[in-house]
Amino acid sequence: MSYQEMLFSFLGGLGIFLFGIKYMGDGLQKAAGDRLREVLNKFTSTPLRAVLAGIIVTGLIQSSSGTTVLTVGLVSAGFMSLRQAIGVIMGANVGTTVTAFIIGFNLSAYALPIIGIGAILLFFTKRKLFQNSGQILFGFGCLFFGLKLMGTSMEPLKDLPQFNDLMISVSHHPILGVFIGTLLTMVLQSSSATIGILQQLYAQNSLALGAALPILFGDNIGTTITAVIAALGASIAAKRTAGAHVVFNSVGAIIFTLLLTPFTHVVIAMTDVFHLNPSMQIAFAHGLFNLSNLAIQFWFIPQIELLVKKIIPGTEKSLDIRAVELNEDFLYTSPSIALRQASNEVIQMGDYALRALSATKDFYVKPAEDIKDDVFQYEEAINRFDVELTEYLAKVATVELSQTESQEQAMLLEFTKDFERIGDHCKNIVGFVEEACELEQKQRNKEKRNGNNLKPTRTALLLYDEDLVLLFDKVLKNIRDALSVLETDDHDLATKILSREKEVNELVDLLRRKYFRLMSKGDGRAADSVLFIDISSNLERSSDRTLHIAKYILGNVYGFKTPASYLQQLDE
């Protein structure tokens, strides 16, 4: 086999292998739905549970990097503390060993039929379950087919004097092996790929166990690069999470490089006891290394947290977002308490909607990436509350309720959807602000290309309009008052919401007229329509949602006897 054939076969095999891992992981993630994220979000209350959550999620998606990036996002969004994240990262390192054990079974001979079965399920079935299963099988087959190609391409390496000299150097200088493993994993962006290559080389007797193990240790350092990249430009909390990943994996590699000789003896002893093939021997070494590293460092999670905070100083920006707190035990024992719980969580959801709109106003006044992130994090929290409250209130409806309780259940369900829509409008407005900036920049570039070198009449890309700011303030006041009404049943405040709604509608009409007046005079810009029409429209709809609460509290005055008649009246 020529060098060109070796290189092409290796690169092709590597590509198919990496595709197989990702495709299989995506299929597993689709099959699990949002439950993987929920596992990380909910089941990390103690360090042990956080570790178990990390193991489970990584074992399912076949990517410790994927789990770590997901964890970085949850920490950045305020759903998880740094201490919880460290536990998840420790578990992720153990969970990623599953891939090495799968490779150890050496199913390369069956790779093509597995790909074929997966393709049939993917392209000739319509049910999601079968399609997801087909994707998993297709990726699984690609994984082994890629390994087979890589193994074939690397087989001649054992006859190359230069490669043999390098492996002898690694055996005598373990730090060189750690460096090779780190660099290779950083380049491939996949610890599983590095382990797969290592298993193939070891199975072909291209390198000794003493050379393979340091490379394996370095692989754990290299895999941290993905989390580091994900945290670039992110919050301090996200950077600290990535830093904790680097500290944990680096300390583990240092400890076991120092203990290389006794660790090698343990691996050889395990091989003799379990009669392991070479690929499975590397898999067991990988598993033992990560489990031992976890057992050593698990007790030092608080110290790792403190160390990371010293390495990455600064004040964490906390949005104070918490998980939904609903106790299902009350559903069948005391529905009234269950409804009170749901009411409290709806108010909390409304508070996030209020914060989201306030951040949206700040983004309009001064567009900045960190403010945009705040809006999106609040919107994500609102969506989570929506899903869990909807499920909870649907269960409440299955028990025997009084007429008043039944009406309250229906109204809470409506309010949940109202706040969820306000969150969506906030996200829309952020998009419109960005769109307006892009439109203005494009128009300026076009004018410049056409030879118009006159200075733009506006220094900023975005037109600042006081009436639009006033509209923001009135809608915010309506949401704030609606939350107070929901807590206190204040009829006077509810009446003020209805009165203020007329002012909101008048402001929206004023902004529309202002836009058409600007355009008719020739002073308008393309971006102005986004501000005066699209943003004001979303603000108006957000304000409309507060009428549900006001009119519900004033139900007797408006004569709403049932949820259906209430909604009909509102639509009118």
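One is the number of the first residue; the rest follow in order along the sequence. Keep in mind that the numbers below use all heavy atoms, side chains included, and drop hydrogens, waters and symmetry copies.
A search for side-chain hydrogen bond (donor to acceptor under 3.5 Å, both in side chains) contacts involving E435 returns nothing, not counting sequence neighbours. For K128, there are no salt bridge (charged side-chain N to carboxylate O under 4.0 Å, His left out) partners two or more places apart in sequence or in a different chain. Scanning for side-chain hydrogen bond (donor to acceptor under 3.5 Å, both in side chains) contacts around Q135 gives K30, with sequence neighbours left out. Taking F8 as the reference, nothing meets the ring pair (Phe, Tyr, Trp, His ring centres under 6.0 Å) condition, with sequence neighbours excluded. In this structure E438 satisfies the salt bridge (charged side-chain N to carboxylate O under 4.0 Å, His left out) test with no other residue, sequence neighbours excluded. For the ring pair (Phe, Tyr, Trp, His ring centres under 6.0 Å) test, no residue two or more places apart in sequence or in another chain qualifies with F248. For the salt bridge (charged side-chain N to carboxylate O under 4.0 Å, His left out) test, residues two or more places apart in sequence or in another chain that qualify with K22 are D26. For F10, there are no ring pair (Phe, Tyr, Trp, His ring centres under 6.0 Å) partners two or more places apart in sequence or in a different chain. Listed by chain and residue number, nothing satisfies the salt bridge (charged side-chain N to carboxylate O under 4.0 Å, His left out) test with E391 (two or more places apart in sequence, or in another chain).
Under a 3.5 Å cut-off, the side chain of T58 and the backbone N or O of I55 do not form any donor-acceptor pair. With hydrogens and angles disregarded, no donor-acceptor distance shorter than 3.5 Å links the side chain of S358 to the backbone of L354. Without hydrogens or angle criteria, T96 side chain to A92 main chain gives no donor-acceptor distance under 3.5 Å. The backbone N or O of L412 lies less than 3.5 Å from a partner atom in the side chain of T416, making a donor-acceptor pair. Using a distance-only test at 3.5 Å, with no hydrogens or angles considered, no donor-acceptor pair links the side chain of Q204 to the main chain of L201. A donor-acceptor pair under 3.5 Å is formed between the side chain of S153 and the backbone N or O of M150. Although no hydrogens or angles enter the test, the distance criterion places no donor-acceptor pair under 3.5 Å between the side chain of S9 and the main chain of M6.
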Exercise answer: donor-acceptor pairs, residues 420-427 side-chain atoms, under 3.5 Å, sequence neighbours excluded:
| from | atom 1 | to | atom 2 | distance (Å) |
| --- | --- | --- | --- | --- |
| R421 | NH1 | D424 | OD2 | 2.9 |
| H425 | ND1 | N538 | OD1 | 2.8 |

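The stretch residues 80-92 participates, sequence neighbours left out, in these salt bridge (Lys or Arg N to Asp or Glu O under 4.0 Å) pairs: R83-E305. The side chain to side chain donor-acceptor pair (under 3.5 Å) contacts involving residues 337-348 comprise R322-E345, R340-S343, Q341-Y392, Q348-Y352, where partners must be two or more places apart or lie in separate chains.
The closest side-chain donor-acceptor pair between D219 and T185 falls under 3.5 angstrom. For the 3.5 Å distance criterion, the side chains of N93 and N249 qualify, holding a donor opposite an acceptor. With 3.5 Å as the limit, one finds no donor-acceptor pair spanning the side chains of N277 and Q281.
In this structure, F376 places its CZ atom where more than 12 heavy-atom neighbours from other residues, nucleotides or ligands lie under 6.0 Å away. Heavy atoms of other residues, nucleotides or ligands lying less than 6.0 angstrom from CZ of F263 number more than 12.
F101 has its ring centre less than 6.0 Å from the ring centre of F284.
We find that E380 and R384 are joined by a salt bridge, their nearest charged nitrogen and carboxylate oxygen being less than 4.0 Å apart.
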